[in-house]
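Quick note on labels: first sequence line is chain A, next is B, and so on, each numbered from 1. Computed from a prediction, not measured in an experiment: that's the story for all the values here.
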There are 2 protein chains.
Amino acid sequence: MEHRIERIKKQLHSQSYKLTPQREATVRVLLEREEDHLSAEDVYLLVKEKAPEIGLATVYRTLELLSELKIVDKINFGDGVSRYDLRKEGAKHFHHHLVCIECGSVEEIENDLLEDVERIVQKDWGFQVKDHRLTFHGVCKQCQTAAVKATE
Amino acid sequence: MEHRIERIKKQLHSQSYKLTPQREATVRVLLEREEDHLSAEDVYLLVKEKAPEIGLATVYRTLELLSELKIVDKINFGDGVSRYDLRKEGAKHFHHHLVCIECGSVEEIENDLLEDVERIVQKDWGFQVKDHRLTFHGVCKQCQTAAVKATE
DNA sequence: ATTTTATTTATAATAATTATAACCTAATTT
DNA sequence: AAATTAGGTTATAATTATTATAAATAAAAT
């Protein structure tokens, strides 16, 4: 954990931003809840536990900054809230998501499944791909087995 | 055009909704501007030309309804506004988008490029895919050639 | 030590969306 | 045909997410 904070600190410094206490508290929350997909409000409430004097606007600004530096990714599952997701160390691309329409759970996929598709887009549409967003909507494993059980 | 209106009318009736004049005006705007990715506000302004007495809330409700019936798809390119996009007739899946980070243009791809990827997700993650959202962010053909010209 | 600059807080403003109440209209029942 | 009912609409208010602003603070530079 400390190691990753250090790295993020360096990334900020390299663009002449500093890792203020508020920013550090925000990053720590993101690191601790790496599996989740927190909204700005969620992050704010969690950061408040560490640094009660922080303001919501600061959290927004920090998330925006981290987003610009590609330390976090800003996603939108279509529910009207932006969610913020730490980019895995060394990951060049945005990871993918499986959103369950039954239980609302969100699973992440790190594998890069789009290499072939990107090649096709590049070639056939002349479009130079820089990043992507891929989300599948469907039914997760748990809900499938639950559904089967229910009919037995 | 009339043919497609008829089809949509039937789709609504089959769920015991009716195609009111306001709904029809909204659908007509979507049909006329099929290439675009209009926000609710955009649609509202355009519908107002046909039916000046319509309210914004009605447009929202109509778009929401059309969305539920899978007649339109609701997308979010991350700029804080939901955009509404007519689903092509007979299309089972949501189409993909190429968003240019230079000029902001949005191009559509109808081809289903994800068949293989969906098979993998189905098999390796046990996730039953119902729909997907795929957006590429990058530089479109026009902006690439413009960039080349600029350095000449 | 003083000036400059970046950052934050608190608050207000804006923008998108949704909820509510009153009204209207078309269909259904009497 | 008159009365009733339910769905749909308008106008307006409320809510929610996000961004902007001004004053206060802290850190860095001179």
Which is it for Val117(A) and Phe136(B) under the side-chain contact (heavy atoms from CB on, under 4.5 Å) test, yes or no, and what are the steps along the way? CA-CA 10 Å; Val117(A) 177; Phe136(B) 290 107; 3.8 Å; yes
Take His96(A) and Leu114(A) through the test side-chain contact (heavy atoms from CB on, under 4.5 Å) and record every step on the way to the result. CA-CA 10 Å; His96(A) 317 306; Leu114(A) 291 178; 3.7 Å; yes
Show, in sequence, the C-alpha distance, side-chain angles and deciding distance for Glu107(B) and Lys141(B), and conclude whether the salt bridge (charged side-chain N to carboxylate O under 4.0 Å, His left out) test is met. CA-CA 11 Å; Glu107(B) 203 175 339; Lys141(B) 214 175 203 167; over 6 Å; no
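Regarding contacts with the backbone of dT17(C), a side-chain N or O of Ser82(B) is found under 4.0 angstrom from either OP1 or OP2. Considering only side-chain N and O atoms, Thr58(B) lies under 4.0 angstrom from the phosphate OP1 or OP2 of dT10(D).
Under a 4.0 Å N-O distance rule, the pair Glu64(A)/Lys74(A) qualifies as a salt bridge.
Between Leu65(B) atom CG and dT17(C) atom P there is a gap of 17 Å when expressed in whole angstrom units. At whole-Å resolution of the value, CG in Leu63(B) and P in dT18(C) are 10 Å apart. What separates CZ of Phe77(A) from C1' of dA17(D) is a distance of 17 Å, to the nearest Å. Rounded to a whole Å, the OH atom of Tyr44(B) is 14 Å from the P atom of dT9(D). Atom CZ of Arg23(B) is separated from atom C1' of dA26(C) by 13 Å (rounded to the nearest Å). Distance, His13(B) NE2 to dG8(D) C1': 13 Å, rounded to whole Å. As a whole-Å value, the separation of Leu38(B) CG from dT17(C) P is 13 Å. Nucleotide dG8(D) holds its C1' atom 15 Å from the CD atom of Glu24(B), rounded to whole Å.
Checking dT9(D), dG8(D), dT8(C) against every side-chain atom of Tyr17(B), the shortest atom distance belongs to dG8(D). Out of dT8(C), dT10(D), dT17(C), the shortest distance to the side chain of Val81(B) is found at dT17(C). Nearest to the side-chain atoms of Ala40(B) among the listed nucleotides dG8(D), dT17(C), dT9(C) stands dT17(C). Looking at the side chain of Thr20(B), the nearest of the listed nucleotides dT8(C), dG8(D), dT17(C) is dG8(D).
Comparing Glu53(A) and Arg83(B), the nucleotide of DNA chain C nearest to each residue sits closer to the 5' end for Glu53(A).
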Summarise how protein sits on nucleotides 19-30 of chain D as a single string, 5' to 3': B when a protein heavy atom is under 4.0 Å from the base, S for sugar-phosphate-only contact, - for no contact. BB-------S--
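Here the side chain of His132(B) pairs a donor or acceptor atom with the backbone of Phe94(B) at under 3.5 angstrom.
Atom CZ of Phe77(A) sits in a crowded spot, with more than 12 heavy atoms from other residues, nucleotides or ligands closer than 6.0 Å.
One finds the CG atom of Asp36(A) at 9.0 Å from the CD atom of Glu108(A) (value rounded to the nearest 0.5 Å).
At a threshold of 4.0 angstrom between heavy atoms, the contacts of Ser39(A) with the nucleic acid are absent.
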